[in-house]
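A quick write-up on the structure given underneath.
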Amino acid sequence: MADTATTAPLRSPLSQTAGRLAAATRTSGGAIRLAELPFLTQINVRLDPKGAAADAVGLALGLHLPVEPDTVVRAGELTALWLGPDEWLVVGPPGGRRELESRIREAAGDEPVSVVDVSAQRTTLLVAGARARDVLAHGCSLDLHPRVFGPGRCAQTNLGRTQVVLVARDDPRAGFWVLVRSSFAGYLTDWLMDAAVEWTG
């Protein structure tokens with residue numbers, strides 16, 4: 001029997017807003033950079049941080065799963081975010097979902113572990129530039145001062161009344177990742193554009 005299944009090209013939840021984000025970035029004169037980073041691989045991992053699987057998975061990924069609350073560990077193209085005492089989000093480049101999930105499962109072996117591909121659940125917004133913290137502070141109750149929320153920090157928080165995972169990238173010039181559920185991405189983009197209007201005109 002012939003395979004009649006069709007494969008539609010991937011479409012990001014913010015595909016219609018790329019032009020608006022680019023225009024806001026241009027008109028800000030370097031104060032703000034806004035962009036979507038679509039289709040990043042996102043794998044949710046739950047395991048005992050003191051068990052054998054934690055070391056094995058860390059070795060397979062080439063990084064240590066962070067054990068300090070709200071911290072980030074990065075190695076190469078992979079980033080591991082601490083979400084809870086036994087929960088992490090491993091983020092990688094687009095197109096690597098199956099390979100990364102397989103690598104984690106194989107490393108864990110028979111140890112109890114939960115590995116769930118959540119790549120389609122969220123998209124990622126980049127907020128960078130000299131005024132990035134000011135824009136985010138409009139709708140986030142966290143203290144975003146670099147001494148408190150500097151490179152290598154992450155948090156599950158609310159931004160503009162939307163639940164997000166906020167990540168301070170490892171280079172201050174790289175700004176922030178804002179991981180937001182796809183169904184709220186359009187609303188949050190509008191909110192960010194409004195919060196940035198002072199610098200984007």
Side-chain angles (χ1 to χ4, degrees), residues 9-44 70-72 74 79-84 87-94 97 116-146 148-201:
L10 289 175
R11 182 176 174 189
S12 83
L14 295 176
S15 59
Q16 302 297 317
T17 65
R20 291 174 56 215
L21 293 171
T25 297
R26 282 193 304 272
T27 58
S28 78
I32 295 294
R33 180 178 171 213
L34 299 173
E36 183 192 16
L37 306 175
F39 314 126
L40 291 182
T41 295
Q42 299 180 46
I43 306 293
N44 185 272
D70 299 328
T71 58
V72 175
R74 183 175 178 225
T79 303
L81 316 178
W82 186 97
L83 298 184
E87 183 178 9
W88 297 266
L89 185 67
V90 180
V91 182
R97 298 178 298 132
V116 181
D117 175 13
V118 294
S119 305
Q121 185 185 71
R122 302 185 190 96
T123 190
T124 304
L125 283 157
L126 172 69
V127 182
R131 295 293 182 176
R133 290 178 193 273
D134 297 319
V135 169
L136 295 172
H138 276 290
C140 183
S141 61
L142 294 178
D143 182 351
L144 297 177
H145 192 282
V148 178
F149 199 79
R153 305 295 300 185
C154 68
Q156 298 181 81
T157 186
N158 287 329
L159 178 63
R161 299 186 180 180
T162 302
Q163 188 177 34
V164 301
V165 179
L166 184 63
V167 182
R169 300 292 286 141
D170 49 3
D171 180 341
R173 293 169 298 180
F176 299 86
W177 279 353
V178 182
L179 282 68
V180 58
R181 287 186 184 273
S182 297
S183 54
F184 290 97
Y187 160 79
L188 187 62
T189 297
D190 289 340
W191 183 90
L192 284 167
M193 297 281 285
D194 186 59
V197 74
E198 179 179 345
W199 298 282
T200 62

Note, [X] side chain near [Y] side chain (heavy atom, < 4.5 Å):
{"X": "L179", "Y": "L89", "result": "yes"}
{"X": "R161", "Y": "Y187", "result": "yes"}
{"X": "L37", "Y": "W177", "result": "yes"}
{"X": "V91", "Y": "R74", "result": "no"}

Passing candidate, side-chain contact (heavy atoms from CB on, under 4.5 Å) with F176, options L136, V167, L125 = L136

Tested for side-chain contact (heavy atoms from CB on, under 4.5 Å) against L159, the lone hit among L142, V135, V164, V180 is V164

Set of residues satisfying side-chain hydrogen bond (donor to acceptor under 3.5 Å, both in side chains) with respect to R169, sequence neighbours excluded = none

Output the distance between atom [atom1] ([X]) and atom [atom2] ([Y]), rounded to the nearest 0.5 Å.
{"X": "L126", "Y": "L21", "atom1": "CG", "atom2": "CG", "value": "10.0 Å"}
{"X": "W82", "Y": "D70", "atom1": "CH2", "atom2": "CG", "value": "5.5 Å"}
{"X": "T27", "Y": "W199", "atom1": "OG1", "atom2": "CH2", "value": "12.5 Å"}
{"X": "R122", "Y": "Q42", "atom1": "CZ", "atom2": "CD", "value": "5.5 Å"}
{"X": "S182", "Y": "L14", "atom1": "OG", "atom2": "CG", "value": "8.0 Å"}
{"X": "M193", "Y": "L34", "atom1": "CE", "atom2": "CG", "value": "7.0 Å"}

CZ (F149) with more than 12 external heavy atoms under 6.0 Å | yes

Give a yes or no on this: more than 12 heavy atoms of other residues, nucleotides or ligands lie within 6.0 Å of atom CD of Q121.
-> yes

I need the minimum non-hydrogen distance between [X] and [Y], along with the two atoms involved.
{"X": "A132", "Y": "I32", "answer": "N-CD1, 3.7 Å"}
{"X": "L83", "Y": "Q156", "answer": "O-NE2, 3.0 Å"}
{"X": "P94", "Y": "P38", "answer": "CG-O, 3.8 Å"}
{"X": "S28", "Y": "T25", "answer": "OG-O, 2.9 Å"}

Is it true that a side-chain atom of T200 and a backbone atom of A196 form a donor plus acceptor pair closer than 3.5 Å?
-> yes

Under 3.5 Å, is there a donor-acceptor pair between the side chain of R153 and the main chain of A168?
-> no

Name the one of T123, T189, T17 that satisfies side-chain hydrogen bond (donor to acceptor under 3.5 Å, both in side chains) with E36?
-> T123

By salt bridge (Lys or Arg N to Asp or Glu O under 4.0 Å) - contacts of R26 (at least two apart) = none

